[in-house]
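This structure is in structure tokens; I'll ask about it shortly.
Because only heavy atoms are used, hydrogens play no part in the values below, and waters and symmetry mates are left out as well, while side chains stay in.
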Amino acid sequence: MTDHHAEVLRYANDVVAGSIPAGAEIVLSCKRFLADLEPGSGYELRRRDPDFVIGVIERTIRHKQGTAIDGKSLAGKPLLLQAWQKFIVYNLLGIFQIGTNERKYTEAFIEVPRKNGKTSFVAALAWGVSLLRMHAGASVYIAAASLRQAMQSFEFLRWNIVRMGEGVNFRLRDNSTEHSIYREFGDGSLRIEALAASPDRLDSLNGSFVIVDELHALKNAAIYNRLKEATKAYGNQKLVIGITTAGDNVNSFCYQRQEYVVKVLSGQARDESLFGFIARADKDPDSGAVDYTNPIQHQKANPSYGVTIRAEDMAADANQAANDPQMRKDFLSRSLDIYTTAMLAYFDLDEVKRSDALYSWTVEELAKLPVKWYGGTDLSRVFDLTAACLYGTLYGYKRKDGKVVDVDIVVPHAWFPRPQAQQKADEDNIPLFGWEDDGDLTLCNAPTVQAADVVKWYKERRSQGFKIAEVGHDRKFAKEYWLLMKQAKFNVLDQPQYYYMLSDGFRHIEAKIKNREFYYLHSPAFEYCISNVRGIEKSNQMILYEKYAQEMRIDIFDAAVMACVRHQEALAKNQTKGWW
């Protein structure tokens, strides 16, 4: 009989020691697990529940289809969990606060590449947990962005129940209105239901265990939150698992969730109730590139490498990705679990972040630097996002790596009318309230953004010590703002938003990012906007840029480009002085 406890401990220790190749996030997850087992952690491991669920899965669930690594059919063979899957079960069901019946984790984020047995594992876990909790009337939901995806797990379970000869003892409903498995026992019951994660199907749900499959396909956080709300009545017995593969939208709920989980695992954020398991290839710390042809990275990203993932297949796909760029994006996201910027996006967000990460000034520190600042304001429709930026260069700065550089710095801010905020945050998936918490955005109480609010921000920055030389703005869009800025004695210059006039600022920012001489105070709002930029190359190095989707926003980047144009034109004027 397999000792699951010993296997899980061995797996965690081997990952930490490097004996099992694993990505940085899995290493952190294993370190976190081992730390919970240490005296004084406040937690203890109880083996009964995870051992029960693992035992139920391996004794009752069989493969419906597929082949083993040696090519032999798996159909009808027992589903034997791998060490990484047992590790997840042990964490979710076995870690308790010492002296209580309170489980540590009530929520989980699991991200693994395709073909690692994710769907069968999800279904088997739902089955095991429903039997574990049947005495309390287990109610389990398996949800996905599309019903078809959720039905994969449902069909797998239904097939297994019929195969066991238990079809007559369960109520199996599989029709246009309901897809559920139900049974009453002498002292309890269980119910497993598959459903599409659409707003009109999520009312009145009440379940103790929810699995949200293919999290990257959810349109916004609201759907996930409504599924999470369905478990509120179950206290510490609730469990919500989001399981997914990487996508290509870095402004999606899933990507933002992934970023948060990484912060939790690395200790940058504290959330004891959230478990994270992210299997992905490691990026080079300097270049940010992924060595996607390296078998070690293939193994790090795929915990089922050598079991359901053939080394030869991975090598062939990697070679094709190297030779055919149009195949590379899918290989990175689906096989190595690396989020890729949408194909239409001009900037590589990872490249932007790498430049920003080299610097760490606060707004207060920037105000004291010997920098001349230039402003740019993008007053969008008065009931939408309005943005302003200060742009300046710190010359001759010596970085920690010893390199002396001229750093371009952006100080961004945005405004949005509060009455419209909740609707737009849900409809367009704009994290407005998170930006407000970060200090990057002001939610105005008026139905529209007032020009006076923007002027007030410039005045506050000036009072703080920023030496603002010029502010660019296309005055045909807001004469009131123009007049208020003049009254406040700012040097406001007309800055028409024609692409041939903005190209210089755009190209300058692009070059600074590539040279890692660009800093924007780690602003998530700026990252959101720059990642939504689509660029269209024109003649003579000109570029026409726009947002690549109607529901996206690029206003803060717009303001930064306008401020950069003012900065560049002032620099050009200064350089030509004395030429005559």
* To do: For the residue pair His522 and Tyr519, categorise the inter-ring angle as parallel (less than 30°), tilted (30 to 60°) or perpendicular (more than 60°).
  =>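 His522 and Tyr519: perpendicular rings.
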
Item to complete: May I ask you to decide if the ring planes of Phe557 and Phe526 are parallel, tilted or perpendicular, using 30° and 60° as cut-offs?
Response: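 Tilted.
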
Short question: side chain of Gln85, backbone of Gln82 - any donor-acceptor pair under 3.5 Å?
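Side chain of Gln85 to backbone of Gln82: a pair is present.
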
Trp84 side chain to Ser304 side chain, donor-acceptor N/O pair below 3.5 angstrom
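Yes, side-chain donor-acceptor contact under 3.5 Å.
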
TODO: Check whether any side-chain N or O of Thr293 sits under 3.5 Å from a backbone N or O of Ala318 as a donor-acceptor pair, and report yes or no.
DONE: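 Here the side-chain-to-backbone pair does not exist.
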
query = Does Glu111 pair with Lys118 as a salt bridge, N-O distance under 4.0 Å?
reply =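 Here Glu111 does not pair with Lys118 in a salt bridge, since their nearest N and O are not under 4.0 Å apart.
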
* Going through the distances and angles, do Lys403 and Asp401 end up as a salt bridge (Lys or Arg N to Asp or Glu O under 4.0 Å)? -> CA-CA 6 Å; Lys403 186 176 181 180; Asp401 59 7; over 6 Å; no

Under 3.5 Å, is there a donor-acceptor pair linking the side chains of Thr393 and Asp406?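 There is no such pair between these side chains.
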
- Parallel, tilted or perpendicular: ring planes of Trp415 versus His413, cut at 30 and 60 degrees: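 Rings of Trp415 and His413: perpendicular, over 60°.
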
query: Short question: side chain of Asp438, backbone of Asp440 - any donor-acceptor pair under 3.5 Å?
result: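 Such a contact is absent between Asp438 side chain and Asp440 backbone.
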
Practice problem: Anything under 30° is parallel, anything over 60° is perpendicular, the rest tilted; go ahead and classify His508 against His567. | Solution: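 Tilted: the ring planes of His508 and His567 meet at 30° to 60°.
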
Next on the checklist: Enumerate the salt bridge (Lys or Arg N to Asp or Glu O under 4.0 Å) contacts for residues 353-369, please, sequence neighbours excluded, ordered by first and then second residue.
Outcome noted: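 Residue pairs passing salt bridge (Lys or Arg N to Asp or Glu O under 4.0 Å), neighbours aside: Glu259-Lys353.
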
key: Donor on one side chain, acceptor on other, Tyr520 and Glu527, under 3.5 Å   =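 A pair is found: one side chain offers a donor N or O, the other an acceptor, under 3.5 Å apart.
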
message: If we count only N and O atoms by modelled type, under 3.5 Å, do the side chains of Asn249 and Tyr255 hold a donor and an acceptor together?
response: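 Asn249 vs Tyr255: no donor-acceptor pair found between side chains.
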
query = Are Asn116 and Tyr305 close enough that a side-chain donor and a side-chain acceptor fall under 3.5 Å?
reply =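 Side chains of Asn116 and Tyr305: no pair found under 3.5 Å.
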
- Compute the centroid of each ring, for Tyr359 and then for Trp361, and state whether the two points are separated by less than 6.0 Å.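 That pair passes the under 6.0 Å test.
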
Does a salt bridge link Glu510 with Arg507, judged by any charged N lying under 4.0 Å from a carboxylate O?
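Judged by the 4.0 Å cut-off on N to carboxylate O distance, Glu510 and Arg507 do form a salt bridge.
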
Would you please classify the geometry between the Trp373 ring and the Phe466 ring as parallel, tilted or perpendicular, with 30° and 60° separating the classes?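 Ring orientation of Phe466 relative to Trp373: perpendicular.
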
Take the angle between the ring planes of Tyr458 and Tyr481 and call it parallel below 30°, perpendicular above 60°, tilted in between.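 Because their plane-to-plane angle lies in the 30° to 60° range, the rings of Tyr458 and Tyr481 count as tilted.
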
| request: Keeping to residues at least two apart or across chains, list the salt bridge (Lys or Arg N to Asp or Glu O under 4.0 Å) pairs with something in residues 24-35. | output: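 Matches after skipping sequence neighbours: Glu25-Arg280.
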
Judged by modelled atom types alone, do Tyr260 and Asp271 share a side-chain donor-acceptor pair under 3.5 Å?
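Side-chain D/A pair, Tyr260 to Asp271: present.
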
Check your understanding: Taking the six-membered ring for Trp, is the centroid-to-centroid distance between Phe506 and Tyr346 below 6.0 Å?
Key ->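 For Phe506 and Tyr346, the ring centres are under 6.0 Å apart.
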
| request: Hey, can you tell me if Tyr292 and Phe331 have their rings parallel, tilted or perpendicular (30° and 60° cut-offs)? | output: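 Perpendicular.
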
- Measure from the side-chain N and O atoms of Arg534 to the backbone N and O of Glu546, and report whether any donor-acceptor pair falls under 3.5 Å.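 Pair absent, no side-chain N/O of Arg534 close to backbone of Glu546.
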
Check: Gln149/Asp213 side-chain N/O donor and acceptor closer than 3.5 Å
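A donor-acceptor contact under 3.5 Å links the two side chains.
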
Contact check, side chains of Ile278 and Asp337, non-hydrogen atoms, under 4.5 Å: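 When only atoms from C-beta onward are counted, Asp337 and Ile278 do touch, with a gap below 4.5 Å.
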
Inset, instruction - Using the six-membered ring of Tyr528, assess whether NZ or CZ of Arg553 lies under 6.0 Å from its centre and within 45 degrees of the ring axis. - result: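 That pair does not qualify as a cation-pi contact.
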
- Query: Where the side chain of His216 meets the backbone of Thr244, is there a donor-acceptor pair that is under 3.5 Å apart?
  - Reply: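 No; zero donor-acceptor contacts below 3.5 Å.
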
Show the numbers, then the answer: is there a ring pair (Phe, Tyr, Trp, His ring centres under 6.0 Å) between Phe253 and Tyr224? CA-CA 9 Å; Phe253 160 70; Tyr224 178 84; 5.1 Å; yes

Answer yes or no: is there a donor N or O on one side and an acceptor on the other, between the side chain of Asp330 and the main chain of Met327, under 3.5 Å?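 No.
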
Side chains of Thr386 and Asp384 only: does a donor on one sit below 3.5 Å from an acceptor on the other?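 No, Asp384 and Thr386 have no side-chain donor paired with an acceptor closer than 3.5 Å.
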
